[in-house]
Each structure stands twice: as structure tokens, then as C-alpha cells.
Asks: 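I have a structure I would like to understand better, so I am pasting it below and will then ask my questions one at a time.
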Amino acid sequence: MSSDVSAPDAAAPDYKNTLFLPQTDFPMRAGLPKREPEWLARWEAMGLYRRLRETAADRPKFELHDGPPYANGHLHIGHALNKILKDFVVRSRQMLGHDSRYVPGWDCHGLPIEWKIEEQFRARGQDKDAVPVNELRAQCRAFAAEWVDVQREEFKRLGIGGDWENPYLTMDFAAEATIASEFMAFVMNGSLYKGSKPVMWSPVEQTALAEAEVEYHERQSPTIWVRFRPVTLSVDQRTSPDWRPGDLAGADVVIWTTTPWTIPQNRAVCFNPGLSYGLYGVTEAAEDNWARTGETFLLADKLAADVFAQARVGGYERLRGVAATELEALVCAHPLRGVEGGAGEWDYDVPLLPGDHVTDEAGTGFVHTAPSHGLDDYEIGQRFKLEMTHNVGPDGAFRADLPLFGGLGVLDAKGKEGKANAAVIEKLQEAGALMARGRLKHSYPHSWRSKAPLIYRNTPQWFIAIDRPLDDGHGEHGATIRERALKSINELVAFTPPAGQNRLRAMIAQRPDWVVSRQRAWGVPLTCFVNRETGELLRDPEVNARVAAAFREEGADAWFAEGAKARFLGNAYDPEAWDQVRDILDVWFDSGSTHAFALRDRGGQWPADVYLEGSDQHRGWFHSSLLQGCGTRGRAPYKAVVTHGFTLDQNGEKMSKSKGNVVAPEKVVQEYGADILRLWVATADYTDDQRLGPDILKAAADGYRRLRNGFRYMLGALDGFDAAERVATAEMPELERWVLHRLAELDAEVRAAYGAYAFQRAYAALFNFVTGDLSAFYFDVRKDALYCDAPDSLRRRACRTVMDALFARLTTWFAPMLVFTMEEVWLSRFPGEDASVHLETFPETPADWRDDALAARMAQLRRVRRVGLGALEVERREKRIGAALEAAPVIHVADAALRETAASADMAELLIASGATVTDAPAPAGAFTLPEVPGVAVVAALAEGAKCARCWRVLRDVGRHAHPETCERCDAALA
RNA sequence: GGGUGUGUAGCUCAGGUGGUUAGAGCGUACGCCUGAUAAGCGUAAGGUCGGAGGUUCGAGUCCUCCCACACCCA
């Protein structure tokens, strides 16, 4: 099996204990689930967060402002991803040399918690409306507080560092006071007004419903095609080349709707300027048909055929195309204009308005618009100042004094079809305004409690005007909230990934005014008063100050306490003359205000350096904070916005309980440890959606083990390292200088990546370095020197000097990501009660480590090395060698420059062979080559001589030294 | 239905302004070592670059359409 040369004498001395093998107590297996809690306890005991603040007190501040999660339920993977990314940011900034505090927050008010409490009431048979509001609020508060505690522990377990003792809660009294104050700023600057907006309304329960309370079921609705007759034509039309006198005046604009009861509330007809429309004439129809021969209609071209089929028209022709400019100029009569018994109710004009929401997928290409009964309708109404109607009451019935339809219900008390639709259809038919009718089964909103159908109905609400110029002294970036917000997005905020900018801009550019009122109980009230006579808002700084002061002491409950109105109005106002608003602020106003009480009120940086949330928050927190900040401070409360995608299962599908593919962070922590979850975050491109599942976690754990062993090896190699061993860079072998060069490169890469929130880039660079450059190359090559060289050998000392530099950098560079493991690594080298890798900063890297010429040379050598390794591999396959030390390859290099490079290096060392020869002799046939390394051929000859019993190299001088069966180096090392 | 994105080996990701046989790491298979050993080293296999058209001498990279997935909205 083995040749004579390599077989050690049976009686050879055992030199193993004369070697300097790696020594470390650092365990190969991590046991993270068990050990991580120990590190957490240690950090808590040593007051790590406080110490971080102390050591960094005079550094420049970096402020990541935490978006508050909702205090309801256990953490899911999205929470974990978000907070881990934040932790990467906070820790990396700290180690880059900032004072990077982190104040975690919670969103505590709002509907979901209120529901839970209502549910508890119902379970006890109590009527929630009979419970005093402050009792309900107290229970909501207790409920939120409980979940804050639960979530806090769950976050801490993930290794998230922060001021967990002093988080901010939106329900803190101080926060409630600030939220109210911020709201009152909108009262004072004139942007708050009372308006009316359609909401999902349940006539059965007589209440508004939030989107989450709505479910969709199939329902059959009547459908009608209604004619709107133009009454006015503008001058523009006559300049159109297609103009024919009166051809549009006599044509009917046709709309289609599934809610005939909304026709009495019609205020406009919308069309889409991007669609193609035509003027159509009926050429053939039955005598008694609603659409008769000779009549003309305006329709979207794509839908005309459908409409005529529905209208039972046998033949029709397209007379001409109609331009958007012509449509825009049309004004129609309401179809019930002049109807008998209408009492002039509908004798108003109905304009044609452009709207992007109109499509030619279904209907007629014209959309009936009732601003009180639909969101698109409402927005169009806002834009074109259409009148809101108040024809439908809370019970879903027309107001009693509405002509023709007074008292008729859209739905009856049990949610069944009422009489309104039929009555409206009948009147339209009488008026000759119907072109066709039918029935349609479609998905329709229902209440998830009563299962009864819902309607859109306008209700009075409070709004913040976002296009009203504010004279508030914050006009540097624009006069209105929208202008300031757009300026912020365009010029003042950096977006990661860049697409976020467009997304937010599009939303801000086209959003309507902000509805801030909710008819709820658990939240901060709209702390304002309305004059009973005039409807005027009370604007008195003294009243506002009293409210804020009371909230600070007693919380927002003060607003609902006995005698609150008189208390806040004080002596200057007659309580009888003023109404106290009892609506609750939209929770988005709460969270939009966090920058005020979590940053401004707590000595933080304003604006924050960064907000980091899921991409859904473009509509949520980024959005509300932006509006709020622009309204009270004149700009975005952040300088940068970082967004992450969503976590899907490992097949790229959404996680859901029913699919059973949910990965709970708690489970990952129990099975693998938090560092594995954190490592997964570090490997994923968080800007897009990420995948997570058992296989992916396993892969993360594999990567972790590889890294861990790399650190373990460094620890072993550095055993007993003393500063006196250090070697100056200039005196190091080129292999060591090359490692330092790589460190210099990595230093720049890692800092840049962390600075750009590119954690994946940082991690990948580091991981590839550890596995590719260290484990597979440097460590492997240097084993011989490390184990066998005498302790005072320059080569070994240089190696340990470099190991020390590696250790200092790799531990700190990885520390923001692998918080537990890097602490473990650090402490196994530098134990001490006060020690922690997290108190370190990234070490400075000496400029002279960088050596691009050396890097180029090493790249050449590694190419030659690959050919050598390939040659050895062939020998192994042929069973001629096992270990590389049995070989002494001959390297034939054709190119003189490359040959010079190879000859001047220790190729035997790089190949971990016992010898190597570089020659210009032509390569013999059969020499090993690689196509990608032309001009290099290797013959993997066996090493000649005997195997040194200590270092296992096969050398000619073995056996000629004082210590039996040793080589010269080992003999000297033993002396 | 609309808006915003994404889609490169089993997995995680690279692939400025279009240009030789599309790369890396992990995993897998095979082999070596047995002085990092429930570790370490090496070699190999593995890709219709979501699909279809188009522009071009030439497209993973540009254009159009389509498909899938996700988020937001309706």
C-alpha cells in the first residue's frame, strides 16, 4: 500500500506532543438554543445597552426610529425579519463609530384590541355599549400592556439589542398627550375640517365597518343601463372636424350600474380619456323596445356590441368616433330631471368627468358617479367639487322627505332586498331613461358578524386637508402638506431599494384628504370643540394646553371623564355653546406621530436617519409619518426609507395556517437558535420577498457550522498568542501580506455594505473569504508552519500576527449579524466581566496593508496552484499518492514572466507538497493541464527521501539529524 | 381590474453602458486526509437565464406581449 520512503519506521519516536496543534475550549457544536439565553442574561446583568450609550456618548448620533408593531399576539416571521434587520442596522452603525441608540416601540390603540375586549364582554353577556367608555379603555390598555410584555421577551430572545426597559408606547400618557398636541397643531394651522365620506355601512347593525370586518359573498343584483341626455355643448365641439350640428345633443350617454338605488344620488358621469368612444345609431329594433330605431347613443367602442345585445337592439351602426375633448364638454341632465312628483329634486346638471378608474372591461365605458356611495365616486367628487348627498339614512332607507322614494329601504331590517331598487327602476322606466335591464350574480360585501349585505354610505368625518396652504412657519419645502411631502420624497429622502420612491410618490401624489376620525373608543380622541351655532372650530392655545397637560398626567381618558368639557373649555367659553368631539383619531395618526414623542420628546435626532419597515408600510407608517411630519414640521421625519419584502415559504408561496407552511420564529429559535435565523436574514435579499422553510434553515445551519469552525480554528491557532510575537508587516512572508491585503479590501467592502444596508453583500463577502481564502487556502497552507515551526520562527510568528488581525476584524464584522456566536468567540479569547465584542468598533485598517501588486501576483500563483492540485488529484485517483505531502510535482511553465513568478514563490508550500520544481523544460506528454490555465503543465512526481516523523514531509535529509527520523526544521524546533 | 415590484443551476445569490463555451458559495456524488476529525481538502455532475415574439452581425442584458408570484389598492 505504501512505499518504503513514506512508511515511518515502526519504532519511530512519537513527536505528536512536540507539535503546536490548535488548542481551544471553544466547542465545535454550538448548542445555540440552550446557550443563547445565557448570553442574554449576561448582557442584561452587565447593562450592555447602557454601556453602549456611555462608551459612544461623544460620537455622532445615528437614529433608526422604530416602527411600532401592534401589541396583539405572538411574533410572526415578519416581525422577526423586521427587527433583525433593524438590529443589523443599529449594531453596524454603532460599530462603524456612531452612537446608535434603539428605542423600540409599540402601537397600542385601535380596533383589533377593542374587538378582543368587546368579545370578552359579549362572552360575559354584557352589552359593550352599556359599559362606560373609560372602563372599556382601561381593559384595552391592560390587554395591550400584556402583549407588549410578551412581544418584548420574544424580541429580546432574537438578540435584538435596545432600550427594552424604556420602550415607547403609543398609549403612554406622555405619548397620548403628544398625539393630542400634534392633532391640535392641525386644528390650529387650519388644515382640519369636517366633511363627509362614504364608508362601508351595515344598515342592519346601523354601524360603519372597517375593511377587516367585511367579507365577500355572491349576491344577485339588478343591473340597469341608464340614459343621460346632454343638455349643453361647448364651443370646442364645433371646432372638431367631425362636428355635425346637434349629433351629440340628441344622443344618450349610457351608464351601467348594479345599484339602481344610487341613481337619485348621481352627480356625475365619468369616462376615461384613454379609451375609444363612438356615437352609435340604432338601425333595427322592435317597436316596443326601450332603445328604438333612430336613437343614438354614446358608448365605449369595445363595449357597444355587448350593450346593444343587452338592449335587444337588432342592428346598429357606428356613426363616428367621439374624442375625449368632446366628452369632457358634455353636460347632461339627471335622468330623473322633471319627472312627475320629483319636485325639482333632480333638476341639476350632471357633468361628464375624466377618471382613470373607468375601464372598458365591463359596462358601457361611462360610470355613474354618486359621491356619497362609492370611494372612486367620492374621490372624483372631491376633485371636482361635487355635492355630497344625504339621501340615505343609517337604517339604509331614503330620507322621508325625498320625493318619490322617501322612506324606501335599500335593504330591510333583516338585510333582505328593500323596495328602493325596484322603485327607482320603475321611475327611470317611466321617465324613458332606461335603455336595458338585467340581473347579475357577483361578489358583494357583507358584514362578517350579521352576514347581511353592506352599502357605501357617507357619514360625517374629520379630515386633514393636504392641499391647503399652511401659514405655519414651516414653508421651506412647500406651502401644503402634499407639496412638502412630494418635495421630501423627491429631494430629501433616500430610498432602499430605489423603487420605494416611486411607490410612495405615486400614493402621495394622488391621495385624497386624510380622514382622521373613527367612531371608536380605544385611542386618542380628536381633542377639539365645535361651535354649535356656527360649526366653527375652537382655536385657543390655552384650551389646548389644558388638554395636553391633563393627558400628560391622566392619559387620554381625561377627555371622556365626567365634566371634561367644562374643565378644558375653562371660564372663557360657555360649555353650552360648544360641542366636544368624541371621535377617536385614526391609529395611523398615532403612529404617524411617533417621531414627535419618541424622537423629539426623548432627545433623539430629528429627522431620523432611517425608517425601516416592510413594503406594505408605503401606504402605512411611511405614509402617515410623512403627512404628519409635513403638517407639523414641514418635512418628512426621516432621511432614509429602507423597505423589506415579505417572507414566503420555501416554494415561494404565502405562509398560511391552512397550508401548514408557517415558520414561527419561536420554533426556529428552539430548534436552531436565533443566530441561525439571523444568518438566514443575512443571506437573503431582503429588498425582495424571501423564502423560508425547513431546507433553507438547514442550509443556514450548514453555513453557520462552517463559519463556526473557521473561528474555532483561529482560536486554536492563537492559543497563548502574545503581543511580543508580533511581526511587522514589512517582514512578513508574502502569504501573510496577501492576507492583510485581503483584509484591507474587505474592510472597505464591509464598511460600504453596512453603510448601504446591504447586509447580504457584507455577509457574502465575509463568508466567501472565510471559506475560500482562509479555510481552503491560507489555513490549509499554514498548518505546517503553525504546527511544526519553532515558536520563534518568523513564519509562524507572522502567521499568528495575521491570525490576530483576522480575529479582531472577523469577529467585529460578523458581530452585528451573529450576535451570540461572535460574543462567544470573543469571550473565549478575551474573557472578562466587562468584556463584550459588542462594545468594540470595527478596527481601523492600516493603509499599507493594501498591496495590489502582491494581490495580482498571488492570483497568478493560485492559478498555477490549481493546475498543481489537479495533477495531485489524478495521482490520488490512480492510487499513487494519498496525501499531497507524498508528492513533489514538477511544474512546466511556458511563459517566462509567469515562470519567474512561480519560481520566486514557494510552490511546494502553496501546494502542501513536500517539494516542487518550476522549470522551462517542455511539458512531457501526459502532463496535467487545465484549459483555463494555458501554458502550465504539471507532472506530479513522488517526493524523494523519507517521511519526517514529526512534520510528515518527505525530504532527503530526514534521518541525518540529532533527533531520529526528523528533517532539519523539525530537528531544530526540537532543540 | 389598477398600481408597484420580482422571476439566472436543488438552495442563496453575482452577472456597469448588449459581445468569446453564463459565474460563486452551499447542497449532492465521488475521492483524499485522519495532527481543525459529528471537522478539513480536492474533483465532478448540475442552468430551456419564467414563456413567446421582435430589434441587432450578436441579448440573461434593449422593446412588445404573455405567464407566475408578492405587496398595496379597487
Side-chain angles (χ1 to χ4, degrees), chain A residues 14-24 26 28-29 211 356-362 374-376 379 497-507 510-511 614-620 623 643-648 650-654 679-680 682-685 687-693 695-706 708-717 760-761 763-765 767-772 775-777 779-781 783-784 786-788 866 868-879 881-886 912 931-932 950-952:
Chain A
D14 183 6
Y15 291 110
K16 185 168 175 178
N17 56 8
T18 71
L19 296 172
F20 307 101
L21 297 178
Q23 285 274 294
T24 177
F26 186 80
M28 186 134 72
R29 290 177 61 87
E211 185 55 42
D356 292 339
H357 63 292
V358 179
T359 70
D360 56 7
E361 298 295 313
L375 287 179
D376 284 331
E379 284 184 28
Q501 184 178 36
N502 260 331
R503 194 164 169 181
L504 192 57
R505 186 198 290 128
M507 286 179 191
Q510 46 136 43
R511 65 152 298 141
S615 59
D616 56 334
Q617 296 304 324
H618 285 107
R619 184 154 293 273
H623 195 114
T643 50
H644 57 79
F646 280 69
T647 304
L648 311 173
Q650 59 188 9
N651 300 316
E653 288 178 36
K654 204 190 296 202
L679 189 146
W680 164 74
T683 57
D685 176 5
T687 63
D688 195 3
D689 292 345
Q690 330 81 43
R691 297 180 178 202
L692 181 60
D695 296 347
I696 293 169
L697 277 169
K698 203 162 288 169
D702 283 339
Y704 174 85
R705 256 178 250 128
R706 205 137 155 70
R708 187 176 174 90
N709 268 302
F711 279 102
R712 182 164 180 268
Y713 190 74
M714 272 184 267
L715 283 167
Q760 186 193 54
R761 212 166 80 208
Y763 178 82
F767 184 84
N768 285 332
F769 174 69
V770 171
T771 58
S775 190
F777 182 53
F779 290 172
D780 216 28
V781 167
K783 268 198 249 185
D784 173 75
L786 223 35
Y787 297 177
C788 308
R866 285 191 53 209
L869 290 176
L872 293 178
E873 193 58 27
V874 172
E875 297 306 295
R876 270 194 199 103
R877 199 134 284 170
E878 299 298 324
K879 302 293 177 198
I881 63 166
L885 284 176
E886 292 166 37
I912 320 177
E932 62 267 35
R950 184 164 175 277
C951 72
W952 296 351

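Residue numbers begin at 1 in each chain, while the letters A, B, ... track the order of the sequences.
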Asks: Report, as a single string ordered 5' to 3', how protein heavy atoms within less than 4.0 Å touch nucleotides 33-40 of chain B: B base, S sugar-phosphate only, - not at all.
Replies: SSBBSBSS
Asks: Taking the six-membered ring for Trp, are A/Tyr787 and A/Phe20 ring centroids under 6.0 Å apart?
Replies: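 Ring-ring flag for A/Tyr787/A/Phe20: false, centres at least 6.0 Å apart.
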Asks: Using the test side chain to side chain contact (heavy atoms under 4.5 Å, CB included), find all partners of A/Gln23 that sit at least two apart in sequence or belong to another chain.
Replies: A/Asp719
Asks: Once salt bridge (Lys or Arg N to Asp or Glu O under 4.0 Å) is applied, do any residues pair with A/Arg866, and if so which ones, sequence neighbours excluded?
Replies: A/Glu932
Asks: Side chains of A/Arg712 and A/Thr24: do they bring a donor and an acceptor to under 3.5 Å?
Replies: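 No pair is found: no donor N or O on one side chain lies under 3.5 Å from an acceptor on the other.
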Asks: For RNA chain B, produce a single dot-bracket line, 5' to 3'. Pairs: Watson-Crick or G-U wobble, both distances under 3.5 Å. Symbols: ( ) within strand, [ ] crossing, | other strand, . unpaired.
Replies: (((((((..((((.....[...)))).(((((.......))))).....(((((..]....)))))))))))).
Asks: Look at the side chain of A/Arg503 against the base of B/C71 and say whether a donor-acceptor pair falls under 3.5 Å; ignore hydrogens and angles.
Replies: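 Yes, a donor-acceptor pair under 3.5 Å.
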Asks: Just to be sure I understand the rule, does A/Gly716 reach a base, reach only the sugar-phosphate, or reach nothing, if contact means heavy atoms closer than 4.0 Å?
Replies: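 A/Gly716: no heavy atom of the nucleic acid under 4.0 Å.
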Asks: B/G23 and B/G2: how far apart are their C1' atoms, nearest whole angstrom?
Replies: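 So the two C1' atoms sit 39 Å from each other.
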Asks: Could you state the CZ-P distance from A/Phe777 to B/C41, rounded to the nearest angstrom?
Replies: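 Checked: the CZ to P distance equals 13 Å.
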Asks: Holding to salt bridge (Lys or Arg N to Asp or Glu O under 4.0 Å), I want the full list of residues that pass it with A/Arg877, two or more places apart in sequence or in another chain.
Replies: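 Residues passing salt bridge (Lys or Arg N to Asp or Glu O under 4.0 Å) with A/Arg877: A/Glu873.
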Asks: Can you check the distance between B/C49 and B/U61, where both ends of the measurement are the P atom (answer in whole Å)?
Replies: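 Nearest-Å result for B/C49 against B/U61 at atom P: 9 Å.
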Asks: How many Å lie between CD on A/Gln510 and C1' on B/A74, as a whole number?
Replies: 11 Å
Asks: Listing time: all N or O pairs from protein to nucleotides 5-7 of chain B that are below 3.5 Å?
Replies:
residue	atom	partner	partner atom	Å
B/U6	O2'	A/Asp688	OD2	2.8

Asks: Decide, yes or no, whether a salt bridge links A/Lys783 with A/Asp780 under the criterion of side-chain N to carboxylate O below 4.0 Å.
Replies: yes
